[in-house]
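Each remark here refers to the structure printed beneath this line.
Atoms considered below: every heavy atom in the structure, side chains included; atoms not considered: hydrogens, waters and symmetry mates. The sequence lines fix the lettering, A, B, ..., with proteins before strands; numbering per chain opens at 1.
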Amino acid sequence: MKQKIKNLIINAAGRAHQKGDLPSADIPEVEVEEPRAEAHGDFSTNIALVMASIQKMAPRKIADAIIAHLQDPQELIAKTEIAGPGFINFFVHPTAWHPVLREILDADTAYGAADIGQGQKFQVEFVSSNPTGPLHVGHGRGAAVGDAVANILAFCGYAVQKEYYINDSGRQIRTLGRSVFLRYRELSGQKVEFPAECYQGAYIRDLAADIKTQKGDGLLGQPEEDAIMECARFAADKILDGIRDDLKLFGVEFDCWFSEQSLYDGGRVDEILKHFRKQGIIYEKEGALWFKTSDFGDEKDRVVVKANGETTYFASDIAYHQDKYDRGFERVVDVWGADHHGYIPRMKAAIEACGHRRGQFDVILVQLVNLLRAGEPMAMSTRAGEFETLRDVINEVGRDAARFIFLTRHYESTLDFDLEIAKQKTNDNPVYYVQYVHARIASIMRKGTEQGADEISWNDQAVAHITEPEEIDLIKALARYPDILAGSAKSMEPHRVTYYLMELASAFHTYYNKHRVLTDDALVRCGRLNLILAVQKVIRNGLTLLGVSAPDRM
RNA sequence: GCGCCUGUAGCUCAGUUGGAUAGAGCAACGGACUUCUAAUCCGUAGGCCGCAGGUUCGAAUCCUGCCAGGCGUACCA
């Protein structure tokens, strides 16, 4: 609809120039928006204001000229007016909205899928939590955001891959192995001192017990380093299995689980360092190798090989990102926790040094989650082992509520996640508000079938009976969905879809309370059934993109 | 110190990328269930968009400087 209005304006402006009512042929990009205030019509354009300096005419005069040359063969427009400093407001004829319903019912699950991606290969990497402990709520937010962003991009025509990067190499893994081995020795009756830098959580003891069941006392006879590495491998695999299970429970499925260790095994890290050396952007200082990230906008240079010969996490991360582009991804998005924001400039430097454009790399920085219970903050520390795991949260409040809440804020805002509110079935917790629409419509459909209503099929005559203001409002809301999705995809902001669904739900509940769908008049009934079926489809489509279910009963 | 994020109704937050009289939910107050699910709806009230300048036809939105909170500032990952 917006596009149709836009075309009418462009054509009218062109004609106005041909007839000599506008001196310049220069027509700027036409912006059409939906005004906030209902009194300002369904659509509004500021073109006359923008053209004022080009045409050297008063905005209202320009608006006059454009309206005079408006041709509307489809009779979409009921009324136009010039308002304020020179806005042109368009009032769309109510019945002109009806075809939107047809469009939705025909397109079904594909409604709103503008092909803005055109098959571009796009990778979204998210969660990527170290396999040193279970996922907590912060990871849950990253998972919900990453998954929804990927879904929305895929829906809008990008070829999207979801990836999890496994940090199965380096010091943290060794610390994990050491932690487990110490607990293992404890279980074997040895007295050990458990250092503060080791992982304190109870799950470490469980892992030690598991390995003891499997190996008995066998590890005690081995050289300590071998035993630690065996514990590390065992524990990381086990924890990773747990992470996979948690994510599955959360409804998140990855296309690829990528191992950091595989980069070392395949020589990719050495390869990229050699390449940088050849470019002269690596130098030696104080026994370490430094990458000149400051040449690419970072505030200072960064170490890639430490004085003790170990490579840094950054080094393998460079190789990792190069590998993404080698795999053919034209755009790469990383979803990180906000505590990693200082890492962005050096990563961007690395991307550029590898010969890629900055526009090919984006970071979605998800702000922290404050976990509360009835307003009281809950302590969270992985080290100390006092945290609420994602699994606990899902078990307590349910997957749908958790996912929806994670997407009810812009990811750049810190989020208060209150377990008590998440369980409530009120408007403080809007996931049920939206799902309720789906269930209500399903209920009406069941009732309709019971009462012998025919299979719902398109009927022009019946749809013509859709004239109530609440019905037209509902269709207008449905018509906005494609625009919302496109905006959500371009900005990679899934919360726009969340808010849209709440608005659509509100429009439906208002309608439902005022008008009856299953009336005695067969034509009216049929028209309304078509209307609510369209609403149900859009609600289901939107919830699916967010990873939330659309129940038929509640 | 420097960098990133945030600051909008009593509370939690949106605000269509610079548009007209700034919007929701919760909480408060008053109404609507013999009706397709009341997990709902309708109404009332609530604002110096952190503060001060600037840019222009027009600013919550862009620029500069302050103030407050959070996070970061490793040869950790």
query = Does the ring of A/Tyr512 carry A/Arg440 above it, NZ/CZ under 6.0 angstrom from centre and within 45° of its axis?
reply = yes
task = Between A/Asn429 and A/Met445, just flag the one whose closest nucleotide in RNA chain B comes earlier from the 5' side.
result = A/Asn429
Whole-angstrom distance between B/A14 and B/U6, as gauged at atom P = 10 Å
request  = Answer with base, sugar-phosphate or nothing: what part of the nucleic acid does A/His438 contact at a heavy-atom distance below 4.0 Å?
outcome  = nothing
query = Taking only residues two or more places apart in sequence, or in another chain, which ones meet A/Lys537 in a salt bridge (charged side-chain N to carboxylate O under 4.0 Å, His left out)?
reply = A/Asp108
A/Arg346 to A/Asp298 - nearest heavy-atom pair and separation = CB-OD2, 3.3 Å
key: P gap between B/G7 and B/C51, integer Å   = 13 Å
request  = For nucleotides B/A9 and B/C63, find the distance between their P atoms and express it as a whole number of Å.
outcome  = 22 Å
ask   = Under the salt bridge (charged side-chain N to carboxylate O under 4.0 Å, His left out) test, which residues partner A/Arg446, sequence neighbours left out?
value = none
request  = Quick one: which residue pairs count as a salt bridge (Lys or Arg N to Asp or Glu O under 4.0 Å) with a foot in residues 477-502 of chain A, not counting sequence neighbours?
outcome  = A/Lys2-A/Asp483, A/Glu34-A/Arg480, A/Arg480-A/Glu503, A/Glu493-A/Arg496
remark   = Those residues at least two apart in sequence (or on a different chain) that pass side-chain hydrogen bond (donor to acceptor under 3.5 Å, both in side chains) with A/Thr498 are none
side-chain hydrogen bond (donor to acceptor under 3.5 Å, both in side chains) involving A/His515 - partner list, sequence neighbours excluded = A/Glu470
query = Looking only at atom C1', what distance separates B/A59 and B/A22, rounded to whole Å?
reply = 12 Å
ask   = Please give, in whole Å, the distance from B/C41 C1' to A/Tyr511 OH?
value = 15 Å
query = Quick one: A/Arg141 CZ to B/G70 P, roughly how many Å, whole number?
reply = 17 Å
inquiry  = Could you work out, with side-chain hydrogen bond (donor to acceptor under 3.5 Å, both in side chains) as the rule, every residue matching A/Arg403, not counting sequence neighbours?
reply    = A/Asp147
note = Those residues at least two apart in sequence (or on a different chain) that pass side chain to side chain contact (heavy atoms under 4.5 Å, CB included) with A/Ser549 are A/Asp400, A/Gln435, A/Pro551
task = Measure the spacing between CD1 of A/Ile351 and CD1 of A/Ile318 and express it to the nearest 0.5 Å.
result = 9.0 Å
remark   = Output for pair (A/Asp301 CG, A/Asp295 CG), nearest 0.5 Å, gives 7.0 Å
request  = For nucleotides 71-77 of chain B, just jot down a letter per nucleotide in 5' to 3' order: B, S or -, based on protein non-hydrogen atoms under 4.0 Å.
outcome  = BS-SBSB
query = Between A/Tyr500 (side chain) and A/Ala477 (backbone), is there a donor-acceptor pair under 3.5 Å?
reply = yes
request  = Taking Watson-Crick and G-U wobble pairs with both distances under 3.5 Å, convert RNA chain B into its dot-bracket string, 5' to 3', dots for unpaired and | for cross-strand pairs.
outcome  = (((((((..((((.....[...)))).(((((.......))))).....(((((..]....))))))))))))....
Scan nucleotides 26-29 of chain B against the protein and return all N/O pairs shorter than 3.5 Å with their distances rounded to 0.1 Å.
{"from": "B/C26", "atom 1": "O4'", "to": "A/Asp428", "atom 2": "OD1", "distance (Å)": "3.4"}
{"from": "B/C26", "atom 1": "O2'", "to": "A/Asp428", "atom 2": "OD2", "distance (Å)": "3.3"}

ask   = On a whole-Å scale, what distance lies between the P atoms belonging to B/A52 and B/U61?
value = 13 Å
ask   = If you look at every strand shown and take non-hydrogen atoms under 4.0 Å, does A/Ala439 touch a base, only sugar-phosphate, or nothing?
value = base
ask   = So A/Phe276 and A/Phe291, would you call those rings parallel, tilted or perpendicular, with 30° and 60° as cut-offs?
value = tilted
message = Using atom C1' in both nucleotides, what's the gap between B/A32 and B/G19 to the nearest angstrom?
response = 38 Å
remark   = With sequence neighbours left out, the residues meeting side-chain hydrogen bond (donor to acceptor under 3.5 Å, both in side chains) with A/Asp362 are A/Arg331
ask   = Considering heavy-atom distances to RNA chain B, does A/Ser506 or A/Leu365 have its closest nucleotide positioned more toward the 5' end?
value = A/Leu365
ask   = How does protein contact run along nucleotides 12-24 of chain B, one letter per nucleotide 5' to 3', with B for base contact, S for sugar-phosphate only, - for none, heavy atoms under 4.0 Å?
value = SSSSBB-BB----
Touch class at under 4.0 angstrom, heavy-atom based, for A/Thr510 against every strand present = sugar-phosphate
task = Could you check if the base of B/U17 is syn or anti? Syn means the glycosidic torsion is within 90 degrees of 0.
result = syn
inquiry  = Which label fits A/Phe406 and A/Phe417: parallel for a plane angle under 30°, tilted from 30 to 60°, or perpendicular past 60°?
reply    = tilted
query = What interatomic distance, in whole Å, is found between P of B/U21 and the corresponding atom of B/C49?
reply = 14 Å
Between B/C71 and B/G53 - C1' atom distance, rounded Å = 29 Å
query = Taking only side-chain nitrogens and oxygens of A/Tyr436, does any of them come within less than 4.0 Å of OP1 or OP2 of B/C36?
reply = no
